[in-house]
Amino acid sequence: MNKDSKIDNETLRHSASHILATAVLEMFPDAKLGIGPAIEDGFYYDFLLPRTLIPEDLPLIEKKMQHLIKQNLKFEKYEEPIEEAEKFLHKTKQDLKVELVAGLKEDGETKVSFYKTGNFVDLCKGPHIDSTNKLKAVKLTHISGSYWRGDNERPQLQRIYGVAFNSKEELKEWEERMRESAKRDHRELGKKLDLFSFHHEAPGAAFWHPRGKFVYDQMVNFMKAENEKRGYEEIATPIVLSSELWKQSGHYENFKENMYFTDFEEREFAVKPMNCPGGCQLFAEKLPSYRELPIRHAEFGIVHRLELSGVLHGLLRVRQFTQDDAHIYCTPEQLEDEIVKIIEYTTDVYKSFGFENFELFIATKPEKKAIGDDTTWQKATNALENAMRKLKLDWGVKEGEGAFYGPKIEFNVKDAIGRNWQLGTCQIDFNLPERFDLNYIGEDGEKHRPVMIHRAIIGSFERFLAVLLEHTAGDLPLFLQSEVARIIPVASEFAKEGEKIMKELKSKGVRTGIDLSNDSLSKKVRNGELMKIPYLLVVGEKEAKSGKLTVRERGKEKQETISIADFIKNF
RNA sequence: GCCGCCGUAGCUCAGUCGGUAGAGCACACCCAUGGUAAGGGUGGGGUCAGCGGUUCAAAUCCGCUCGGCGGCUCCA
């Protein structure tokens with residue numbers, strides 16, 4: 001397709017939001033307009049409305065939009081001195097826009113631009129399409145609440161979301177993508193594959209079924225083995241620790257609202273929301289020599305965070321989870337090298353789980369809440385950048401999104417259908433070594449402050465499994481399958497033969513199950529496929545006589561007849 | 001937490017205008033003994049999320065609580 005003939009998506013989508021606002025104003029002349037930007041795939045517009053929207057309003061508004069679009073309205077731009085603009089917006093009672101202009105004025109703007117489409121006029125920087133006839137594929141998707149200017153102290157507006165594309169075909173593709181995403185929903189797959197469940201009694205905490213627990217343990221085992229190879233030592237610290245510790249670490253002050261507390265004998269304890277303070281206690285017990293550094297302490301710690309009820313989402317956002325946490329204490333000179341190792345380690349692990357594409361971001365010093373001076377921050381940020389350069393990696397920057405105690409690398413993976421997920425993190429910490437007075441003895445015989453790195457590769461095993469399920473659509477890699485092969489006797493008469501084969505495969509380390517139900521062969525194959533069992537082995541007269549296996553591979557209808565020995569070679 | 005929507009059998013869902021519940025799958029039993037994505041029959045299974053209210057009568061209307069979903073805010 002000729003690129004020039006296509007309108008830049010952002011322009012198109014932002015223009016669609018103006019039409020949405022026009023339609024909403026037709027329906028509610030007193031509506032106050034918030035903002036209406038373009039977003040991925042579409043746009044939204046925020047409104048303050050005289051009544052609450054109901055889902056049935058959406059098609060009505062969409063119809064009005066289509067009507068406007070058909071009129072081939074022009075987008076006309078004009079500029080005004082900012083004072084004139086204020087007057088106009090006051091007169092039209094667009095209070096929210098008045099606030100926006102006041103902000104622009106404070107920033108020193110003297111002129112602002114408006115766009116006029118039919119009778120609709122909106123304060124807007126643009127750019128826009130020239131005419132509504134370019135809006136060929138627009139669809140409203142959902143309604144939600146949203147805080148004005150993202151501030152939860154302020155009243156909520158009603159936000160209408162929509163999508164817009166250059167062509168009907170692209171809209172169809174988007175709809176197909178949505179269907180594909182829904183099919184891969186890890187919450188559904190978790191239920192269908194009998195991996196985990198959630199119950200009213202423990203919102204935000206998973207119940208692991210045998211098949212799910214197997215996957216979970218395999219992931220943990222994998223990381224344990226890798227840690228061992230890469231010079232980590234594993235530790236474990238208590239789950240419930242005195243509030244004193246959390247006050248010392250700063251978590252009490254920053255995250256008290258999101259912690260679970262319990263009182264005992266007039267002493268307050270908290271369930272740990274993270275592992276580091278406990279880890280620091282352990283490190284502080286002895287005063288290591290610089291010769292011992294770096295010290296790499298890994299901990300598969302179960303942590304609890306009292307997340308707000310509205311943010312819980314399957315395994316992706318939970319209140320109880322296990323991190324593949326590690327804390328590395330090193331000298332400033334070792335920092336860069338350690339970061340290099342962590343990046344390599346992280347990307348190696350992602351590849352092992354079948355994630356081929358990833359993106360890295362450096363999150364820098366937050367504007368508001370941050371400790372430590374700029375020089376220290378810059379040094380740490382440089383160390384992160386240098387490590388990336390050494391590995392010839394590209395990275396993006398997330399300005400101001402670092403932790404309050406230091407900059408970090410965020411690892412994102414791209415899944416099979418192109419969605420991005422944030423998983424691992426590598427954070428430099430200036431805070432805890434100070435607060436816990438961590439030291440090592442340097443070459444000079446003096447105490448020195450170690451640099452502390454927090455790193456999690458998997459992140460949380462819960463979240464990682466969610467992403468892996470969405471990525472693979474449930475076709476988990478063999479090493480995570482609790483049942484790699486399932487024997488399906490053609491009839492009950494062959495159950496004995498099937499059990500014999502199962503025993504043999506099991507003895508060779510192939511995790512094998514058998515379907516002894518009275519279901520028909522077809523039904524048993526269907527069930528095996530639905531459970532995403534990698535290999536289905538049908539056993540009947542043929543197999544009993546020849547001693548061979550008829551193998552049906554997951555997702556493939558074609559079967560293969562091979563000897564047991566050959567089959568075992570797959571593993 | 002906030003805005004909106006939702007909660008009916010183990011699962012997926014139907015249930016009109018208020019008149020105390022249905023289907024398919026799953027499960028149990030029986031028949032059938034099958035060659036690669038649902039063989040047939042019979043049967044059991046529900047305080048309609050919970051509590052309160054309105055009503056002669058509530059799955060249905062109202063309120064509260066709990067939980068889920070879509071967003072917002074948050075994410076050490």
Side-chain angles (χ1 to χ4, degrees), chain A residues 44 46 49 52-58 141-161 185 187-188 191-192 194 197-204 246 249-259 272-277 303 305-314 316-319 323 325 369 401-406 408 422 425 427 429 431-432 454 456 459-460 463 488-495 517-531 536-543 550-553 555-559 561:
Chain A
Y44 67 78
D46 287 343
L49 299 175
T52 306
L53 292 171
I54 54 172
E56 288 74 24
D57 287 324
L58 228 44
T141 54
H142 57 284
I143 311 167
S144 91
S146 68
Y147 296 108
W148 171 233
R149 312 201 95 175
D151 184 348
N152 62 1
E153 302 289 314
R154 311 213 36 187
Q156 276 202 345
L157 308 179
Q158 299 191 66
R159 175 173 297 179
I160 301 176
Y161 284 91
D185 189 323
R187 292 165 298 188
E188 293 300 316
K191 218 183 279 183
K192 285 183 184 148
D194 197 16
S197 55
F198 288 93
H199 298 266
H200 288 182
E201 293 77 8
W246 305 108
S249 72
H251 292 100
Y252 194 90
E253 191 188 340
N254 283 306
F255 298 106
K256 190 173 59 185
E257 304 305 317
N258 300 307
M259 290 165 67
K272 68 175 171 185
M274 55 186 336
N275 305 300
C276 11
V303 296
R305 296 177 183 179
L306 234 173
E307 304 287 2
L308 295 176
S309 56
V311 309
L312 300 178
H313 183 101
L316 283 170
R317 190 86 182 264
V318 284
R319 290 192 176 138
Q323 294 177 311
D325 212 350
K369 179 170 88 162
E401 289 189 32
F404 72 92
Y405 49 69
K408 60 182 177 183
Q422 210 221 304
T425 178
Q427 315 178 347
D429 187 348
N431 179 41
L432 291 182
H454 306 244
S460 103
R463 182 176 165 82
I488 298 179
V490 168
S492 50
E493 186 188 344
F494 301 102
S517 70
N518 283 329
D519 291 328
S520 65
L521 174 63
S522 294
K523 185 64 177 290
K524 286 190 271 199
V525 168
R526 175 183 152 85
N527 286 339
E529 286 283 0
L530 289 175
M531 287 302 284
L536 300 177
L537 313 173
V538 172
V539 173
E541 199 179 343
K542 239 171 29 190
E543 290 75 17
T550 305
V551 183
R552 177 183 168 125
E553 210 178 319
K556 292 179 188 160
E557 277 180 53
K558 223 176 103 189
Q559 303 130 47
T561 304

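Computed over heavy atoms, backbone and side chain alike; hydrogens, waters and symmetry mates excluded. Naming: A, B, ... by sequence-line order, numbering from 1 per chain.
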Tell me whether [X] contacts the main-chain N or O of [Y] through its side chain, where contact means a donor paired with an acceptor under 3.5 Å.
| X | Y | result |
| --- | --- | --- |
| A:Lys524 | A:Pro489 | yes |
| A:Arg463 | A:Gln422 | yes |
| A:Gln156 | A:Arg154 | no |

Say you pick atom [atom1] in [N] and the same atom in [M]; how far apart are they, in whole Å?
| N | M | atom1 | answer |
| --- | --- | --- | --- |
| B:A32 | B:G40 | P | 16 Å |
| B:A49 | B:A9 | C1' | 14 Å |
| B:A26 | B:A21 | P | 26 Å |
| B:C69 | B:C62 | P | 24 Å |
| B:G4 | B:G63 | P | 12 Å |
| B:G43 | B:C25 | P | 15 Å |
| B:A23 | B:G67 | P | 33 Å |
| B:A58 | B:G52 | P | 13 Å |

Pair partner, [N] [Watson-Crick or wobble, under 3.5 Å]:
| N | result |
| --- | --- |
| B:A59 | none |
| B:U33 | none |
| B:A49 | B:U65 |
| B:A23 | B:U12 |

Starting at atom [atom1] of [X], determine the distance to atom [atom2] of [N], rounded to an integer number of angstrom.
| X | N | atom1 | atom2 | value |
| --- | --- | --- | --- | --- |
| A:Lys542 | B:U36 | NZ | P | 9 Å |
| A:Asn527 | B:C25 | CG | P | 13 Å |
| A:Gln158 | B:C3 | CD | P | 11 Å |

*For A:Thr52 and A:Asp57, which heavy atoms make the closest approach, and how far apart are they?*
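Taking every non-hydrogen atom into account, O-OD2, 4.3 Å.
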*Smallest separation among heavy atoms of A:Arg552 and A:Glu557, with atom names*: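 Minimum heavy-atom contact is NH2-CG, 3.9 Å.
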_Pair A:Arg187 + A:Asp185: basic N to acidic O under 4.0 Å_ =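 Answer for the salt bridge query: yes.
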*Please tell me which of A:Ser492 and A:Arg526 maps to the more 5' nucleotide of RNA chain B, matching each residue to the nucleotide holding its nearest heavy atom.*
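Nearest-nucleotide comparison on RNA chain B picks A:Ser492.
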_Which is more 5' along RNA chain B, the nucleotide nearest A:Lys191 or the one nearest A:Val538? Just name the residue._
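With A:Lys191 and A:Val538 compared, the 5'-side residue is A:Lys191.
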*Heavy-atom donor-acceptor pair, A:Ser522 side-chain to B:U36 base, under 3.5 Å*: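 A donor-acceptor contact between them is absent.
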*Touch check for A:Glu543, heavy atoms < 4.0 angstrom, all strands: base, sugar-phosphate only, or nothing?*
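Base, at least one base heavy atom under 4.0 Å.
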_Please classify the nucleic acid contact of A:Ser249 as base, sugar-phosphate, or nothing, using heavy-atom distances under 4.0 Å._
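Nothing: the residue A:Ser249, judged by heavy atoms under 4.0 Å, touches no strand.
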*Produce a footprint string for nucleotides 68-76 of chain B: one letter per nucleotide, 5' end first; B if the base is under 4.0 Å from any protein heavy atom, S if only the sugar-phosphate is, - if neither.*
SSBBBBBBB
Ignoring backbone atoms, establish whether [X] has a side-chain N or O less than 4.0 Å from OP1 or OP2 of [N].
| X | N | answer |
| --- | --- | --- |
| A:Lys524 | B:A38 | no |
| A:Lys523 | B:A26 | yes |
| A:Ser520 | B:G34 | no |

*Using the ring of each side chain (for Trp, its six-membered ring), is A:Tyr405 parallel, tilted or perpendicular to A:His454, with breaks at 30° and 60°?*
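Ring orientation of A:Tyr405 relative to A:His454: parallel.
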_Test applied, side-chain contact (heavy atoms from CB on, under 4.5 Å); reference residue, A:Thr550; option that passes from A:Val490, A:Thr561, A:Ile488, A:Val539_ =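 Option passing the side-chain contact (heavy atoms from CB on, under 4.5 Å) with A:Thr550: A:Thr561.
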_Minimum-distance nucleotide to A:Asn518 side chain [options: B:A32, B:U36, B:C5]_ =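 The answer is B:A32.
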